[in-house]
Amino acid sequence: MQPTNCLKKFLLQDRSARVISVQIDDVWQTAQAHQPENAPIRQMLGELMTAAALLSANLKFDGSILLQLQGNGAIKLIVVECRQDLSLRATVKLNDVALPDQANLQSLLNPDGQGRFSVILNPPRDNPGRQPYQGIVPLDSNSVAEVLQDYMRQSEQLDTYLWLATGKERLAGVLLQRMPSDGGQTQGSSQQQDASFEHAKALCQTLQTDELIEQSSETLLHRLFWETPIVGLESLTVSWRCGCNRNRVADMLRSLGAQEVESILEEQGAIEVTCEFCGTPYSFDRVDASALFKPVSTTVTDQLQ
Ligand SMILES: [Zn+2]
């Protein structure tokens with residue numbers, strides 16, 4: 001299986017639907033390297049990563065999209081970030097409780113009904129004046145795909161369907177979305193459009209999990225849509241990028257405050273921080289830590305000497 005990390009998007013020629021497909025290979029390997037090894041947890045992480053890539057390609061938002069599953073079961077939090085260039089990073093945080101016998105989305109995240117799914121749209125870093133947008137929905141469904149579908153219907157009010165598959169070495173998914181009616185700009189009557197969308201949905205519903213993982217995107221899309229004219233085909237590449245660095249860890253330590261940092265130093269001698277996404281270690285000894293809280297002007301002078 002050749003790595004592809006490839007996302008394809010196009011419209012049906014009659015503009016009744018948008019189709020996005022993605023396959024994620026070595027990016028998925030990288031993502032798993034520093035996360036829990038439990039199979040049901042990895043499946044959920046994989047599905048959320050696939051969904052994040054599909055949604056990013058669909059929303060055309062110029063910052064980054066964060067998808068978060070939060071709960072009070074064995075999983076505390078799954079976070080996936082996807083930027084406009086389709087670079088991804090992801091992490092899982094666990095609660096200190098035993099895994100349930102029947103591990104699924106409800107038992108792992110929502111045993112008490114307090115679980116939440118949120119979508120956060122972060123503006124680009126070079127536009128800090130813009131406020132992030134956050135949409136939250138309860139975890140009423142049984143799969144990541146259903147949670148996302150519920151969210152998309154509530155927030156965008158567009159019929160959206162997702163098929164997500166997690167394999168050991170590959171993630172794969174397809175998103176199908178009904179296009180909004182645009183006042184006669186589309187080809188054909190709205191009845192024809194509806195029929196065309198329903199036909200595309202019926203085709204996608206034949207997708208099997210094994211097939212999503214094992215077949216190439218080209219083979220899959222050809223099997224589904226070989227009779228359907230399509231337009232605007234784009235092929236994009238999905239990548240892994242964490243983006244953590246020492247300065248950001250320093251900012252995080254500053255936000256804890258001098259007292260908290262001092263108490264960690266007293267206890268442990270140095271501050272060791274490991275990035276939850278990529279596993280990169282960052283170490284701050286007593287000298288580094290004291291520099292964190294020096295007034296800026298002093299720090300600048302120090303650097304100039
Ligand atoms: Zn990192």
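Position 1 is the first residue of the sequence; numbering continues from there. Whatever order the structure lists ligands and atoms in, that order sets their numbers, starting from 1.
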What is the number of protein N, O or S atoms that sit under 2.8 Å away from the Zn ion (ligand 1)?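 For the Zn ion (ligand 1), the figure is 4.
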Does R178 make a cation-pi contact with Y161, if we ask for NZ or CZ under 6.0 Å from the ring centre and within 45° of the axis?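 The answer is no, since R178 fails at least one limit relative to Y161.
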Residue pairs, two or more places apart or on separate chains, that pass side chain to side chain donor-acceptor pair (under 3.5 Å) and touch residues 61-74: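 Residue pairs with at least one partner in residues 61-74: D62-R130, S64-E81, N72-D112.
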What I want to find out is whether R241 reaches D85 closely enough, with some N-O distance under 4.0 Å, to be called a salt bridge.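 Salt bridge present between R241 and D85.
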Not counting sequence neighbours, which residues clear side-chain contact (heavy atoms from CB on, under 4.5 Å) with T219? List them please.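 With sequence neighbours excluded, T219 shows a side-chain contact (heavy atoms from CB on, under 4.5 Å) to Q215, S216, given in chain and number order.
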Return the SG to CD distance between C278 and Q35, rounded to the nearest 0.5 Å.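 These two atoms lie 10.0 Å from each other.
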Other than L253, which residues form its hydrophobic cluster under the rule that side-chain heavy atoms must be closer than 4.5 Å?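 In the cluster with L253 are V249, M252, L256, V261, I264, L265, I271, V273, Y282, F284, L292, F293.
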